[in-house]
Amino acid sequence: MATFPLNIPPELLQELSKYTTPTGLADYAALALLGGIGATYLSKGRLWDKPDPLHHLWYEQPQLKNGGQAGSANKETRNIAQKLEETRKNIVVFWGSQSGTAEGFAHRLAREISIRWGQEAMTADLSDYDPITISEIPNAKLAIFIVSTYGEGDPSDNTAEFWGWISKATDVSLANLRYAAFGLGNTNYKFYNRVVDVIVEGLDKFGAQTLLPVAKANDAEGATEEDFMSWKDDLFTVFKDKLGFQEAEAKYIPSLKVEEDESLEPIDLHHGEPNNRVEAPKAAAQSSAIRTLSISDSRELFTSSNRHCLHMDIDLTSQPELGYKTGDHLAIWPGNPDIEVERLLDILGVSSRRDIPLGITALDSATKITIPTPTSSIAIFRYYLEICAPVNRDTVRDLAQFAPTPEAKTYLLALGQDKDAYGRFISQTHINLGRLLQLACPDKPWNNLPLSYLVETLPHIRPRFYSISSSSVVSPRKPSITAIVSTTPLAENPNELIHGVTSNYLLAISQQARSQSHPSEITYRLNGPGDALQGGKVFAHIRRSKFKLPALGKTPLVMVGAGTGLAPFRAFLSERCQLLKIGKEVGEMILFFGCRDPNEDYIYREELEEMQAVLGDRLRIVTAFSRLEGTPRRYVQDRVAEFGEDVIRVIDEGGNIYVCGRAGMAREVEKVVGQSMKGAKGWSDDEVNGWSKTIKKKNKWQEDVWG
Ligand SMILES: Cc1cc2nc3c(=O)[nH]c(=O)nc-3n(C[C@H](O)[C@H](O)[C@H](O)COP(=O)(O)O)c2cc1C
């Protein structure tokens, strides 16, 4: 074993030596010393996928917040059959969801099953129950699975345990289980809807009986919502024709009570602080708890007509327990813009009662409350519910029953009737709830629309994830993020802009620091609940990622990034510069970077040039510009194809390949590298596929991609 210039406890050294090659460890030991972060950095790379003996050094264990009822299901039975029995439910809708879509579908489905089909149904977070207990669900009951695929064909955090069980279980009989399954995915990803496929394969293998063929939503087509609704129609046909369920008029029956309670003191309320109590246990293995973090610096990397790109440094000094590793993600919890919050309060007629304490209670023991209670309507609309998203067609039809006038009712029923017409309407308007209510009935408040309906129906605010663009060695206490501010003109009405919730919230913070207003004059309560965010702070947490540099500095790298997909490579390169500065060997690197125009959105250009000067011919930067006047459009995948020979040589020499950006781009890159492999080695398609599977398994090909 190499000797270490660090004060590392012997037991830690012994543990580390199991996972890391001596040379690689030496590189990072030296770096760690330089970065002033001690031995903790040594856990990067290979330790990642092993049980992490150093976990506590990096990631604070999530802390549950006292008070409130949210998450109470965790204390209850983990046997789903027992839970169904205790709560007298006939149907369980399990959900596995990362960003909330599958979860929202599960709640909607369970409610519709109860209301329209008179069947007692409950939803269940897959992580709340022991997987084996599905084998005890009696044949008279039904289980429905709604699960999304994430990462690279991976389960969501809350599906991980169930997935592990169903993939590995032996000797299980599910002969009693009757089920239906729906998957959420996107064909831009290589492993399209893999999670639902694996789950269904497992259920069938163990003898479960399916009610109807598995169905899948494809987000690439923007059709997730309509795919879900048509599967739901098919399921309901089975209910009627095969199971003989009787259909009743769909009338809202609340499963929650949301009630004003003036006896509560404001000090006891949840004013909008994020819901660690619910979020933390689900994400415990992957994430830190949600914290209040300062933005120490922010600047615009570029500004064009309706595009901004922000660089922000986050300060971890007030959170000594919190750390990150190069390649991790930072999750930002946004607040909704004032204009939409006010619109909803007004249209519901609750503006003057916005601060009155609200208690939320479950009306039956199978209902889990996921908004912290007690709270207030202003907190609910500003911080807990996703009020800016376009309204789905099911909700449009549902809302008709609460309409203040017969005309508004007729309008909503007609609007929600036709799938294609509604699709066109949404692409022209991207209409959110407040705007829809205003459109349907501009003159009267919607007094009959219960808050409980909105709490049950609207998706809950989720954080947005950003790939950290700094190196944890170079900048251990200041992770940076690089955020493109999303402002999309409506396809059919380019003067109307759709503002991305989190990125515009970040832009407002950044503008405030410069005493300027948001360019579209959108305002937010930037001081946060109870002024917790005063002075440019955000609610945020750090999420572990598998996107990691190899342990050895001399391992060659190919990096392919488009737009803000450059973010993690800025981190990788600065880390490698640091290695070189301390006399370590650094391998060859090729960075492919794509953007529109070098004069518009070539982010971090000067920094890259400086790093190029340090790294010399170890780094080659290959650019692709898609909108440079007078030149043909070029994308990163075109450049990777051009440099195919070099890419293959680097891979053959043991190099790693990294891709960061949109999933569609990542697929194109994979295609062109496959073609280069075929040309160079005379391989067949099968051989290329086999090779690509193997190098991904070995973490030699890693992706950090999004929709
Ligand atoms: C980072 C990321 C990775 C994804 N990976 C996959 C994938 O490997 N396969 C797939 O079919 N869909 C993938 N998707 C698409 C999601 O499954 C899809 O957007 C789904 O609607 C999300 O549902 P949820 O909100 O319930 O998690 C991915 C989406 C994101 C943002």
Side-chain angles (χ1 to χ4, degrees), residues 93-109 123-127 144-160 162-163 181-200 214-229 231 279 282-283 286-287 327-331 370 386 389-390 392 458-468 486 500-502 543-547 563-565 567-568 658-667 670 692-693 696-697 701-707:
V93 185
F94 286 113
W95 56 266
S97 179
Q98 194 69 22
S99 50
T101 322
E103 178 181 0
F105 287 170
H107 295 311
R108 273 165 59 191
L109 180 63
T123 52
D125 176 336
L126 271 169
S127 64
I144 297 173
F145 295 84
I146 303 185
V147 288
S148 67
T149 297
Y150 229 71
E152 286 176 61
D154 300 324
S156 61
D157 290 344
N158 79 313
T159 311
F162 188 84
W163 164 271
F182 182 72
L184 282 74
N186 181 325
T187 42
N188 284 331
Y189 291 87
K190 180 158 189 188
F191 300 101
Y192 174 56
N193 257 304
R194 178 160 168 247
V195 171
V196 80
D197 283 341
V198 168
I199 288 181
V200 163
V214 60
K216 295 170 186 173
N218 183 3
D219 212 33
E221 313 284 332
T224 298
E225 182 63 42
E226 286 297 337
D227 289 339
F228 168 67
M229 284 173 68
W231 169 75
E279 295 302 328
K282 215 185 293 171
Q286 297 292 333
S287 302
D328 282 353
H329 297 147
L330 190 98
T370 47
E386 190 87 73
N392 63 64
L458 291 180
H460 292 191
I461 279 217
R462 309 287 312 163
R464 295 344 185 240
F465 291 91
Y466 296 92
S467 307
I468 292 178
S486 124
V501 173
T502 312
R543 185 175 202 277
R544 297 216 267 178
S545 136
K546 292 183 195 157
F547 201 73
T564 52
Y658 298 87
V659 185
C660 184
R662 293 208 164 267
M665 176 277 287
R667 291 291 63 78
E670 188 166 1
S692 121
K693 250 188 208 156
K696 284 187 172 175
K697 218 176 196 165
W701 183 306
Q702 298 182 27
E703 292 180 359
D704 180 358
V705 296
W706 53 88

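Order of appearance sets the numbers: ligands from 1, and atoms from 1 within every ligand.
The backbone N or O of Ser97 lies less than 3.5 Å from a partner atom in the side chain of Asn158, making a donor-acceptor pair. In terms of modelled atom types and a separation under 3.5 Å, the side chain of Arg194 and the main chain of Gly185 share no donor-acceptor contact.
Closest heavy-atom contact between Ala220 and Thr187: CB-OG1, 3.4 Å.
The N/O atoms of Thr224, backbone and side chain alike, include none that comes under 3.5 Å of an N/O atom in ligand 1. Checked against a 3.5 angstrom limit, the closest N/O atoms of Ser148 and ligand 1 fall inside it. The shortest N or O to N or O distance between Gly707 and ligand 1 is not under 3.5 Å. Not one N or O of Val705 is nearer than 3.5 Å to an N or O of ligand 1, by distance alone.
Contacts with ligand 1 closer than 4.0 Å are made by side-chain heavy atoms of Tyr189 only, the backbone lying farther away. Residue Glu152 touches ligand 1 through its backbone alone, judged by heavy-atom distances below 4.0 Å.
Closest protein heavy atom to atom 9 (N) of ligand 1: Phe191 O, 2.9 Å. Among protein heavy atoms, the minimum distance from atom 16 (C) of ligand 1 is reached at Thr149 O, 3.4 Å. Among protein heavy atoms, atom 27 (O) of ligand 1 sits closest to Gln98 N, 2.8 Å. Atom 8 (O) of ligand 1 has Gly153 N, 2.8 Å as its closest protein atom, hydrogens excluded (heavy atom only). Scanning the protein for heavy atoms near atom 10 (C) of ligand 1, the closest one is Asn186 N, 3.5 Å. The nearest heavy-atom contact from the protein to atom 20 (C) of ligand 1 is Leu184 CB, 3.9 Å.
Nearest to atom 11 (O) of ligand 1 by heavy-atom distance, out of Asp197, Asn193, Val195, Val196, is Asn193.
Within the 4.5 Å cutoff, no side-chain heavy atoms of Val147 are placed close to those of Leu184.
Contact annotation: Gly100 has at least one heavy atom less than 4.0 Å from an atom of ligand 1.
When Thr224, Ile146, Asp219 are each tested for a side-chain contact (heavy atoms from CB on, under 4.5 Å) with Thr101, only one passes: Thr224.
Below 30°, between 30° and 60°, or above 60°: for Phe547 and Tyr658 the angle between ring planes is above 60°, a perpendicular geometry.
Distance check, rounded to the nearest 0.5 Å: CG of Asp154 to OG1 of Thr149 gives 8.5 Å. Note that CD of Glu103 and CG of Asp125 are 7.0 Å apart. Values are rounded to the nearest 0.5 Å.
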Problem set entry | Audit row: Lys216, Glu221, salt bridge (charged side-chain N to carboxylate O under 4.0 Å, His left out) steps and yes/no | CA-CA 12 Å; Lys216 295 170 186 173; Glu221 313 284 332; over 6 Å; no
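The Tyr192 neighbourhood of ligand 1 comprises atoms 11 (O), with distances under 4.0 Å to a heavy atom of that residue.
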